[in-house]
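Structure, as structure tokens:
All heavy atoms count here, side chains included; hydrogens, waters and symmetry mates do not. Please read all numbers here as calculations on a predicted model, not as lab measurements.
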Amino acid sequence: MSIIFVTSKPPPNTEYRYALVKTCWGDLAFVCRDSIVCQLLLGFSKPQRLLVDIKNHFPTAYLDNNLLKGLQRDLINYFHGRHFGFNCRVDLSWASDFVIRVLRCCSRIKPAETISYKELSQQIGRPRAARPVGGALSQNRIPLIIPCHRVIASNGSLGGFSAPGGINMKKRLLKHETTLN
């Protein structure tokens, strides 16, 4: 499986579409321009929040449940513990060069593995940038696909997680991956 990073800015009047995906953990959604994933939203217990979040960030987006059927299948399989990789293009046109480096490196962390913010900063060639790495990960618009939940503090604590559910969701995702891998 591979993730392709798209850094070119979208043209004016870009059309955005979204798909709602029902998983065994609850509902989630993703938004695309063309077939490039711009955002993945984890709603789970609050599916109505998904639509509010989509419309806040992509006011002209429209529903297309036939969008990227392979990605929908991969997401469903992820939560069933049958598949932990994703094959899609992701939009990083909004990100700085530093954030792109962090997210690219993070995307290579294997399921059920974790690394520290410090280790990730070393891997991108900025060994003293553990805090900025955490800041870059907090900007990740595509959790799971870019698995920022697999990055933890050097002391073994979980650090942060900006997706809904915060640290509890991060803990749940890590446990899910380690028990089924």
Side-chain angles (χ1 to χ4, degrees), residues 1-10 21 23 25-26 28-33 36-46 49-50 53-54 56-58 71 74-75 78-79 83-178 181:
M1 291 287 133
S2 66
I3 299 169
I4 298 169
F5 298 93
V6 177
T7 57
S8 58
K9 299 277 186 212
V21 182
T23 75
W25 284 32
L28 58 88
F30 61 87
V31 179
C32 291
R33 64 176 168 108
I36 304 165
V37 181
C38 300
Q39 190 160 13
L40 177 69
L41 300 121
L42 306 173
F44 301 132
S45 62
K46 298 179 182 175
R49 182 176 172 189
L50 290 172
D53 286 347
I54 290 167
N56 281 340
H57 295 98
F58 303 93
L71 177 59
D74 288 347
L75 289 164
Y78 173 90
F79 291 104
H83 179 75
F84 290 120
F86 300 97
N87 188 19
C88 61
R89 297 185 304 156
V90 298
D91 180 7
L92 294 183
S93 65
W94 54 270
S96 69
D97 289 342
F98 178 78
V99 171
I100 291 169
R101 284 181 23 220
V102 170
L103 295 179
R104 278 183 194 266
C105 194
C106 179
S107 72
R108 295 183 202 111
I109 305 168
K110 304 273 188 262
E113 292 181 6
T114 58
I115 68 168
S116 70
Y117 297 98
K118 181 179 180 180
E119 289 170 313
L120 188 53
S121 71
Q122 291 168 340
Q123 288 181 14
I124 65 163
R126 298 275 308 272
R128 295 178 183 238
R131 281 188 186 272
V133 161
L137 292 173
S138 74
Q139 297 177 52
N140 182 10
R141 298 178 181 180
I142 311 164
L144 300 182
I145 295 172
I146 299 176
C148 56
H149 64 281
R150 296 178 188 150
V151 184
I152 62 173
S154 294
N155 66 5
S157 67
L158 294 181
F161 193 54
S162 57
I167 295 295
N168 288 332
M169 178 57 67
K170 185 173 187 172
K171 186 184 302 183
R172 189 174 174 203
L173 290 169
L174 290 172
K175 183 177 180 185
H176 173 65
E177 291 180 4
T178 56
N181 205 355

Nearest 0.5 Å please: distance from the [atom1] atom of [X] over to the [atom2] atom of [Y].
X	Y	atom1	atom2	value
Ile36	Phe5	CD1	CZ	13.0 Å
Phe30	Ile54	CZ	CD1	10.0 Å
Cys106	Ile124	SG	CD1	11.0 Å
Gln139	Arg141	CD	CZ	8.0 Å
Phe86	Leu40	CZ	CG	8.0 Å
His149	Ile109	NE2	CD1	9.0 Å

Q: May I ask you to check whether over 12 heavy atoms, not counting those of Arg101, lie within 6.0 Å of atom CZ?
A: yes
Q | Asn155, CG: over 12 other non-hydrogen atoms inside 6.0 angstrom | A | yes
Q.
Any non-hydrogen side-chain atom of Phe98 less than 4.5 Å from a side-chain atom of Val102?
A. yes
**Q.** Contact check, side chains of Tyr117 and Leu137, non-hydrogen atoms, under 4.5 Å
**A.** yes
Please check this pair: side chain of [X] against backbone of [Y], looking for a donor-acceptor N/O pair closer than 3.5 Å.
X	Y	result
Asp53	Leu41	no
Lys9	Ser93	yes
Lys170	Ala163	no

Q) Which is it for Asp91 and Arg33 under the side-chain contact (heavy atoms from CB on, under 4.5 Å) test, yes or no, and what are the steps along the way? A) CA-CA 8 Å; Asp91 180 7; Arg33 64 176 168 108; 3.2 Å; yes
Q: Specify whether His176 and Trp25 have parallel, tilted or perpendicular ring planes, treating 30° as the upper limit for parallel and 60° as the lower limit for perpendicular.
A: perpendicular
Q: Take Leu173 and Leu144 through the test side-chain contact (heavy atoms from CB on, under 4.5 Å) and record every step on the way to the result.
A: CA-CA 9 Å; Leu173 290 169; Leu144 300 182; 3.8 Å; yes
What's the shortest heavy-atom distance between [X] and [Y], and which atoms?
X	Y	value
Leu158	Leu174	CD2-CD1, 3.8 Å
Ser107	Ile3	CB-CD1, 4.0 Å
Cys88	Ile145	SG-CG2, 3.9 Å
Phe58	Cys38	CZ-CB, 3.9 Å
Ser157	Ile152	O-CB, 3.4 Å
Phe84	Pro111	CB-CG, 3.3 Å

Q) Only one of Gln123, Gln122, Arg108 clears side chain to side chain contact (heavy atoms under 4.5 Å, CB included) with Ile115; which? A) Gln123
Q.
Test side-chain contact (heavy atoms from CB on, under 4.5 Å) on Leu103 and Asn140; report intermediate values, then the result.
A. CA-CA 7 Å; Leu103 295 179; Asn140 182 10; 4.0 Å; yes
**Q.** From CA spacing to verdict: side-chain contact (heavy atoms from CB on, under 4.5 Å), Val99, Trp94
**A.** CA-CA 9 Å; Val99 171; Trp94 54 270; 3.9 Å; yes
